[in-house]
Number of protein chains: 2
Amino acid sequence: MQKTEPRSVSLESGDVPAARRLRKRTDEIVDAIKRTIMDHGLEPGDRLPQEKDLIEQYSASKGTIREALKSLEVQGLVRLRTGPGGGAFVVHMSEGRAMSLLGNYLFSKKMTIADIYELRKALEPLVAASAMDNIDEAGFARLEATIEIYDHQARDAEERWAQRMAELDFHAVVAEYSDNALLAFQCRFCQRLLKELAVCRDIYVQPQPVMRQRGIEYQRALIEAMRAGDRDKVQQIMREHMAHAEEQMLALEAEMEQRFIE
Amino acid sequence: MQKTEPRSVSLESGDVPAARRLRKRTDEIVDAIKRTIMDHGLEPGDRLPQEKDLIEQYSASKGTIREALKSLEVQGLVRLRTGPGGGAFVVHMSEGRAMSLLGNYLFSKKMTIADIYELRKALEPLVAASAMDNIDEAGFARLEATIEIYDHQARDAEERWAQRMAELDFHAVVAEYSDNALLAFQCRFCQRLLKELAVCRDIYVQPQPVMRQRGIEYQRALIEAMRAGDRDKVQQIMREHMAHAEEQMLALEAEMEQRFIE
DNA sequence: CCCAATTTGTTCGTATGTATC
DNA sequence: AGATACATACGAACAAATTGG
């Protein structure tokens, strides 16, 4: 049985299948370097040949090689360092970069609060259940420390904002303990959207006494259920927590619009 | 005296750090152009100033400007065209590019079939229900045409492969009719992972008579439920469909490993 | 169909900044 | 502190692609 196929995965197929148009030199080199990374199984920390050698290897000029390396850097595949022993080093894309890039894609689509919570209602219970299997006392401590941030009335708008962010961070911490990288990423991306969406930012600056208290109750109950290892209960609590959070967000959004009309 | 801090380590925030330390000229220009696009509300089709003008505007060299534009191109924000009237045109990132970039992030994580299906079991029922509200007769026709592709015994390995791809395309078509862009994207990304993961590719080349027939039954029932507008039934069928598909995939994976050991 | 204008794409030479020893 | 190795940036020239006459 063939185990490792030479035509492995994720090769930037994207749009044009190469047979059509003459591809630009830069893009050819980008793909060539990508293949080199894949085929040689290069790990983070490994260094690519330096510019000088790449120039020779691909018979291209400095500028072209630089553009290719820049492309790889933007894609989060390499990091460029100056100085002796410097060069292009293979890295794993950071979650932040992945989210930025995906954010560019969704920028054109108009996301609503309901859209995001439709996802969260489905995913957060799953990550919570998944995280339950891996979380330890240190993890619980982190969760409780996060709750502390918003377990009191905010003094000013700035602290109120910090509390809203921390409320989302609670779920980010939970997701950290899931071993399903894709699930965790998608969950955390939803959280990031909630942090960045303009409509949400407008909502967060308003006072909202009810939401905070109820949210904490859900989260405390969640921690307890996780400690008890009660998978069904964990999911049930998170479902209710999300449904309640969505309700609050939508109500606040409607209230804001109402105020705007007056 | 200003001194460069040595601990400029890999926090790699990915997004706009405030005017902090010495950033590279290229990245400054990238952000400046990004802001220009945002602030002016530039839409796809709108043209940025040409290289010549950008060189003047930012007092940078041609190479630097080109690197900045290349960065924006890789991020899927602009498209570069040569010739008279050419230049950098604002575009919306294609779904394919977004998936490629996200694929680079997940490349380092080791995804399992179970991980992906954990997502699919949660998301596919939601997209199906969401799509139900928008799909029309043309959409149903597309779904039925897709089923035709694998509604018979494959003659050879190549057709078998095409059938596996079409089975996934069925769900891609469903997702097209959802108006929740994020939900649809995440669903289709799962489908893409199933198309590309090496372990899945190995599975698809094997004959698997049972899965095909049962899958079609689910999908035909799904179409019927969608036509009837029965939201709960749509979700229920899709849940079962996904659970069954996962079961089959895991069984085939186990069988393959068994064969591999022998 | 070719020609010419326009604009990006690529090359070379050189200089500067930066990190390591 | 100085030498070295490397990326980063500049500028001028040339090549290729696209559009319109």
Side-chain angles (χ1 to χ4, degrees), chain A residues 15-16 18-33 45-91, chain B residues 1-12 20-33 36-37 45-91:
Chain A
D15 315 52
V16 269
R20 315 219 72 178
R21 287 178 189 281
L22 242 48
R23 313 197 26 237
K24 303 212 175 69
R25 191 87 185 92
T26 301
D27 296 331
E28 282 178 28
I29 295 174
V30 167
D31 282 352
I33 295 179
D46 294 344
R47 209 193 73 172
L48 270 60
Q50 47 191 210
E51 275 190 4
K52 181 181 54 178
D53 298 326
L54 291 172
I55 290 170
E56 193 177 337
Q57 182 174 348
Y58 294 107
S59 305
S61 76
K62 224 170 337 191
T64 305
I65 295 295
R66 261 188 79 67
E67 272 187 48
L69 291 175
K70 182 76 192 175
S71 171
L72 292 169
E73 188 192 31
V74 172
Q75 291 176 58
L77 296 177
V78 305
R79 170 160 177 239
L80 273 30
R81 297 177 55 190
T82 64
F89 293 83
V90 176
V91 296
Chain B
M1 182 174 90
Q2 294 288 57
K3 194 167 184 300
T4 51
E5 214 168 342
R7 58 190 304 274
S8 64
V9 276
S10 61
L11 195 60
E12 185 69 37
R20 187 91 183 91
R21 280 289 165 214
L22 260 48
R23 307 185 44 226
K24 278 179 242 167
R25 191 90 184 90
T26 301
D27 295 333
E28 282 177 29
I29 296 174
V30 167
D31 282 350
I33 296 179
T36 304
I37 295 176
D46 294 343
R47 209 193 72 171
L48 269 57
Q50 44 189 222
E51 280 186 5
K52 181 181 52 179
D53 298 325
L54 291 172
I55 291 170
E56 192 177 336
Q57 183 175 346
Y58 294 107
S59 304
S61 76
K62 186 179 175 69
T64 306
I65 295 295
R66 274 195 64 71
E67 268 188 56
L69 291 175
K70 183 75 192 174
S71 171
L72 292 169
E73 188 192 32
V74 172
Q75 291 177 59
L77 297 177
V78 304
R79 169 161 176 237
L80 274 29
R81 298 177 54 189
T82 65
F89 293 83
V90 176
V91 295

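Since we're looking at a predicted model, the values are computed, not measured.
- Heavy-atom minimum distance, A:Val78 versus A:Leu69: CG2-O, 4.1 Å.
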Response to the item:
With B for base contact, S for sugar-phosphate-only contact and - for none (protein heavy atoms under 4.0 Å), nucleotides 9-16 of chain D reads SB--B---

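- The CD atom of B:Gln50 sits 15 Å away from the C1' atom of C:dG9 (whole-angstrom rounding).
- D:dC6 atom C1' lies 14 Å from atom CZ of A:Arg79, rounded to whole Å.
- Judged by distance alone, the side chains of B:Glu67 and B:Ser71 never bring a donor and an acceptor atom under 3.5 Å apart.
- The nearest whole Å value for the distance from the CZ atom in B:Arg47 to the C1' atom in C:dT7 is 9 Å.
- Between A:Glu73 and B:Lys24, at least one side-chain N (NZ, or NE/NH1/NH2) sits under 4.0 Å from a carboxylate O, which counts as a salt bridge.
- Where A:Glu51 and A:Pro84 meet DNA chain D, the nucleotide closest to each residue was compared, and A:Pro84 sits on the side nearer the 5' end.
- Under 4.0 angstrom from either OP1 or OP2 of D:dT19 there lies at least one side-chain N or O belonging to B:Arg81.
- Closest approach of B:Ile29 to B:Ala60, counting heavy atoms only: CD1-CB, 3.8 Å.
- Atoms CG (A:Leu80) and C1' (D:dC6) sit 11 Å apart, rounded to a whole Å.
- Scanning all heavy atoms of the two residues, the minimum distance from A:Ala88 to A:Leu80 falls at CB-CD1, 3.7 Å.
- Closest approach of A:Phe89 to A:Gly45, counting heavy atoms only: CD2-O, 3.4 Å.
- Distance A:Asp53 CG to D:dA7 C1': 14 Å, rounded to the nearest Å.
- As a whole-Å value, the separation of B:Lys52 NZ from C:dG9 P is 15 Å.
- A straight line from CD of A:Glu73 to P of D:dA7 spans 12 Å, rounded to a whole angstrom.
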